[in-house]
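This is a predicted model, so every value here is computed, not measured.
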Amino acid sequence: MAAWNGSAAGNGSAAGADRSAATAGRERAGSGTGAGGAGSGTGAGGHDEERLARAALTRLTEPGDEVVGRWLRELGAPALVRGLVGDGPAPKGARSERLAGCRARAASLDPAGDLAAVARLGGRFVCPGEPEWPTQLDDLGDARPLGLWVRGPADLRLWALRSVAVVGARACSDYGSHVAALLGAGLAERGWVVVSGAAYGVDGAAHRGALAAGGATAAVLACGVDVPYPRGHAQLLDRIAEQGLVLAELPPGGHPTRSRFVLRNRVIAALTRGTVVVEAEYRSGSLVTARRARALGRHTMGIPGPVTSGLSAGVHELLREGATLVTDADEVAELVGAMGELAPERRGPAVPRDLLAPEAAAVLDAVPGPGGDTARIALNAGLSRDTTLGRLYELHGLGFVARRGDRWRPVARASTSVPSKPLGRRPPMRRGGS
């Protein structure tokens with residue numbers, strides 16, 4: 001517990017180093033008021049104390065703990081840390097087991113060391129109330145992050161203003177991987193930041209698509225920003241940190257757990273304007289993200305798949321619950337973008353027959369396949385003989401019918417219909433739900 005005491009924040013050396021690495025030529029405000037409420041410092045010293053206290057809380061407590069969020073709002077970060085580690089009054093309602101767990105973690109507590117560690121990576125620790133803090137995270141209430149550990153050169157708040165989450169199954173199909181990569185690239189080309197969780201499958205494909213298009217992408221991790229998880233994505237995470245942003249609630253060295261993955265999803269949902277689910281089974285963390293986004297008032301979207309595929313069963317259920325069906329980046333941008341940011345209108349190709357006047361179309365339909373005389377065609381069309389004859393000559397001039405003697409017959413025309421989208425290779429399918 002010696003690593004945290006009432007005066008540990010006074011010199012502010014680690015916090016100053018963290019801010020120095022974070023600015024990279026960008027001026028930062030030093031008020032640090034945030035949501036700490038009571039106990040938030042004023043001036044540089046108070047700001048450093050608040051920063052150190054919040055950094056300490058990310059190691060003492062678990063992400064998304066609404067009880068801790070309430071204590072933080074009532075007491076402020078420095079007083080809450082002192083209460084949890086036994087250097088001050090315990091928070092109201094704190095159970096002895098919780099306090100014992102916090103004091104056990106406090107034995108290795110070193111917030112200044114954590115700030116220095118992230119600064120060595122070229123990163124920083126962003127607190128609520130700072131200019132870089134994305135205020136849409138405040139929609140989470142007491143479950144909002146205590147702060148975010150960030151790697152990457154971009155401004156988190158500005159990037160989050162125009163961001164979309166693309167999530168889905170880890171064990172996705174070739175179809176899911178292909179669609180996720182197309183979405184990532186398409187959204188990046190339209191100036192959107194692609195946010196995902198850096199997992200295998202859909203997440204990784206979306207990140208790679210955005211990177212390949214020279215666009216912006218951000219990875220929200222369930223571990224420390226210095227922990228390459230999954231291991232197979234170590235190089236991908238390094239690329240994202242160079243070209244985009246890597247962020248996490250856990251301090252450097254924090255390891256992932258099942259519960260932390262679920263809690264991480266709320267950050268993805270709150271940070272972005274909308275969430276697209278590419279593939280998901282019935283029990284899928286990506287559905288947790290989408291439903292949390294919907295509860296927060298964000299757009300939720302789903303990419304349809306084969307009805308015989310278990311990997312699309314969860315997406316189809318989400319669509320039945322009211323999510324919007326989308327098929328490409330244009331449709332996503334139309335939903336989450338500004339007024340007038342519309343997807344192109346899609347319809348089948350126009351064929352010459354579609355351009356005929358109603359009477360001419362009726363006469364053409366009335367011409368028997370083997371051919372027929374004018375009287376028979378007029379009877380079939382329900383028109384007078386003179387009107388029918390006039391329309392037949394119009395159709396003859398356009399190449400729809402030919403005349404031989406007194407008989408008219410239709411002329412076979414090559415179909416001009418083409419598929420609106422390439423069919424591509426059929427992906428393998430998993431049958432049935434889970």
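Closest of all the heavy-atom pairs between Thr58 and Pro251 is O-CD, 3.4 Å. Minimum heavy-atom separation, Trp159 to Thr217: CZ3-O, 3.7 Å. Nearest approach of Val277 to Ala290, heavy atoms of both residues: CG2-CB, 3.7 Å. Of all the heavy atoms in Ala293 and Thr275, the pair that sits closest is CB-OG1, 3.7 Å. When all heavy atoms of Ala210 and Ala216 are compared, the pair lying nearest together is CB-O, 3.9 Å. Heavy-atom minimum distance, Val411 versus Gly399: CB-O, 3.6 Å.
Remark: Gln235 CD is loosely packed, at most 12 non-hydrogen atoms of other residues, nucleotides or ligands lying under 6.0 Å away.
Salt-bridge annotation for Arg82 and Glu49: present, with a side-chain N of the basic residue lying under 4.0 Å from a carboxylate O of the acidic one. Salt bridge annotation for Arg266-Asp139: absent, with no cationic side-chain nitrogen under 4.0 angstrom from a carboxylate oxygen. Salt bridge status for Glu66 with Arg70: absent, with no side-chain N to carboxylate O gap under 4.0 Å. Taking 4.0 Å as the cut-off between side-chain N and carboxylate O, Arg190 and Glu341 do not count as a salt-bridged pair. Under 4.0 Å is where a charged nitrogen must lie from a carboxylate oxygen, and between Lys92 and Glu74 no such pair does.
With contacts defined as side-chain heavy-atom distances shorter than 4.5 Å, the pair Val276/Leu187 does not qualify. Using a 4.5 Å cut-off on side-chain heavy atoms (C-beta onward), Leu52 and Val81 make no contact.
Considering only residues two or more places apart in sequence or on other chains, Pro344 meets the side-chain contact (heavy atoms from CB on, under 4.5 Å) condition with Asp330, Arg346.
Asp226 and Trp149 are not linked by any side-chain donor-acceptor pair at a separation below 3.5 angstrom, with hydrogens and angles left out of the test.
Taking CE of Met301 as the start and CD of Glu331 as the end, the distance is 11.0 Å to the nearest 0.5 Å.
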Apply side chain to side chain contact (heavy atoms under 4.5 Å, CB included) to Val67 and Arg98, showing your working. CA-CA 11 Å; Val67 175; Arg98 179 190 283 269; 4.2 Å; yes
Under 3.5 Å, sequence neighbours excluded: what are the donor-acceptor pairs made by side chains of residues 227-234?
unit_1 : atom_1 : unit_2 : atom_2 : d
His233 : ND1    : Ala198 : O      : 2.8
His233 : NE2    : Arg208 : NH2    : 3.4

